[in-house]
Number of protein chains: 2
Amino acid sequence: MTADEHAMLVRAARMYYVDDASKVEIAETLGVSRFKVARLLEQARERGVVTITVHDAGTLVPELAASVATHLGLRRAVVVEAAGGEADVRTEVGLAAAHLLGETLHEGEVVGLAWGRTLTAMSAAMPPLPRVDVVQLTGAVGADLDESPVEVVRRVALRSGGSARPIFAPLVVDDPRTADALRRQPDVAAALRMFDDVTTAILAVGSWDPPVSQLLDALPPGDAAALREEGVRAEVATILIGDGGEVLATQFARRCITIRADQLRRIPRVIAVAGGLAKAKATMAVARSGLLTELVTDRSLAEAVLEMPPVTTARPEA
Amino acid sequence: MTADEHAMLVRAARMYYVDDASKVEIAETLGVSRFKVARLLEQARERGVVTITVHDAGTLVPELAASVATHLGLRRAVVVEAAGGEADVRTEVGLAAAHLLGETLHEGEVVGLAWGRTLTAMSAAMPPLPRVDVVQLTGAVGADLDESPVEVVRRVALRSGGSARPIFAPLVVDDPRTADALRRQPDVAAALRMFDDVTTAILAVGSWDPPVSQLLDALPPGDAAALREEGVRAEVATILIGDGGEVLATQFARRCITIRADQLRRIPRVIAVAGGLAKAKATMAVARSGLLTELVTDRSLAEAVLEMPPVTTARPEA
DNA sequence: GGATATAGTGCTCAAATGAGCGATCCGCAC
DNA sequence: GTGCGGATCGCTCATTTGAGCACTATATCC
């Protein structure tokens, strides 16, 4: 093909697709028949001079969602399309979780929130909610106020008009004694008592292998290495989980201000929010733990967990 | 907008743009009127759910080319669109240079070739050429055989069916004495004699500030620093040039096996090939040197040099 | 309640477009 | 020259599509 032909291809493509000119107009401008123009445009698409992309990020994939729910023994799953990097995936999955809450929360519920970048994204996209009370399920971590559990709780409560019960205490402290003392703090104790009233909990999934976890990032290297030795592969709300879904009762737990697995198990609705291939193994482990009732995720994670053996021990129906 | 509406938008867009379904078909599938479908598709484009891109890389921009030729005092300029990174720009500009040669070389010419990644790209895209003899204008540099001047010469000669006269000697040696000895080598001497017969020379432009030059990369750091001190800002075929276009006669030149500026000036047609914003200043300097008669470049470099003061000292007509 | 925007919907009719077809042109073998 | 693909071109005719308009539902203000 000559340079002239190519130039004509590009010119026709510009006029048709960018300037919305009709093929007849283009034909007149270029001095060729309208049929020629049609053939040029056809070629332009074949050769990749013109590319048309449909961005389906954010679209629900109900068929996949149904398979995933069955496969993981959950009452419901939500699967969205997501493209791009980790941050984009988090935004999409967070948005989907926000929508899910917007559509399914009932007035008067008590919502428990863990934290993580995905939940930060969720709280940022939260639509108006019915009046619910919101409680933080774990202590606070990290210096970045914008991503802290407190902020997540604040924003969700704001959208609902209900009360917010944050926990102004560190998630992990140096020894069990300090943790006990903190738990006795009136404000903290009030939050912990509220755990028994939670009707819907929202959790992010942390992966330890590969390491995609805000908790893991925040932990002192010594702790992280020791826990990994003990078989930790995933975590939700600072509850540590092994590959087979077993909840690992570690000394570490005594140093954390957070909800316990037995408490979480009594909550009627527990939603995990996690996207991206890297979190697939961890999400599978969490699903096996039987702590969850629902999952919000993206296509890549959904397809990955469907490749793994199904979860057989379903959580009892609510 | 609800998630359902969004899903419908995406679905309609997929069917129309990807599967080439008619709006009537889509209307039937989705159970809405064809007008609704038309409006959905309109929205899809407005909202960026559907994006249409016309890739015009490689298209000539004749208006710019004319301005650049005038501005730089050249007989001709070729300007192409190029998008993407440095490598993409080199490919496009190289392709344009290859086309230019394919269209303008005459049988029996003697073509002199310098080297550089742009010229490597050019030689890779070379169309069949009339029978011409090809001579290498500089010694060889670097370990990468694929990018060596010898390879460039070989490929161009191959496309034309004419003879190739490579220079199997290093471009730079440690002292002038060695260089002299090399220049007396029969094969090298034959090439050097051929410089006087060259009718068309093709040169890449090396930039020293910012540093975008294969020569600069290949030079010992000591040499490079010293030459930069002497005011070198650009180079073509190892001829070193200052900001004002002055050819810098350095001791360094005596250690190089390469064409001299005075020889280059006697060649009737000297084409520089260079693309990318980073090479704009260097290309301008080379243009001021009066060594060139033509330039092949991309839009970004063309627009950049048009922002600089014009070249007043044109090279005499051939 | 009633008047008035406002957005969304589906219609008609004319213009734009695609599918398929025969005409034409070119390169090549005989 | 003659005959034979193969490619390209522009035609007709049926289908698809867009522009503009009238209609309806909903919200909003008086």
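Side chains included, hydrogens not; waters and symmetry mates left out as well; all remaining heavy atoms used. Each chain gets a letter, A, B and so on, in the order its sequence line appears, and its residues count up from 1.
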Give the table of side-chain donor-acceptor pairs shorter than 3.5 Å for residues 105-115 of chain A, with sequence neighbours excluded, one pair per line with atom names and distance.
unit_1	atom_1	unit_2	atom_2	d
A:E109	OE1	A:T199	OG1	2.6
A:E109	OE1	A:T200	OG1	2.6
A:E109	OE2	A:H106	N	3.0
A:W115	NE1	A:T138	OG1	3.3

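The OG atom of B:S123 lies 10.0 Å from the CD atom of B:E147; values are rounded to the nearest 0.5 Å. Atom CG of A:D56 and atom CG of B:L9 lie 11.5 Å apart (nearest 0.5 Å).
Rounded to an integer number of Å, the gap from CZ of A:R34 to C1' of D:dC13 is 11 Å. As rounded to whole Å, 12 Å separates atom C1' of C:dC21 from atom CZ of A:F35. Between the CG atom of A:L40 and the C1' atom of C:dT17 there is a distance of 15 Å, given to the nearest Å.
Contacts of residues 15-30 of chain B with DNA chain D (heavy atom under 4.0 Å): B:Y16, B:S22, B:K23, B:V24.
Between A:R75 and A:E294 there is no salt bridge, since no side-chain nitrogen of the basic residue lies less than 4.0 Å from a carboxylate oxygen of the acidic one. Salt-bridge check for B:E42 with B:R39: failed, with every basic side-chain N at 4.0 Å or more from each acidic carboxylate O.
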Please report the C-alpha distance between A:T120 and A:R155 in whole Å, then the side-chain angles of each, then the deciding distance to 0.1 Å, and finally whether the side chain to side chain donor-acceptor pair (under 3.5 Å) criterion is met.
CA-CA 9 Å; A:T120 303; A:R155 282 201 277 203; 5.3 Å; no
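Contact annotation: side chain of A:R39 to base of D:dG10, donor-acceptor pair present below 3.5 Å.
Where A:E42 and B:K36 each meet DNA chain C at their nearest nucleotide, the meeting point lying more 5' is that of B:K36.
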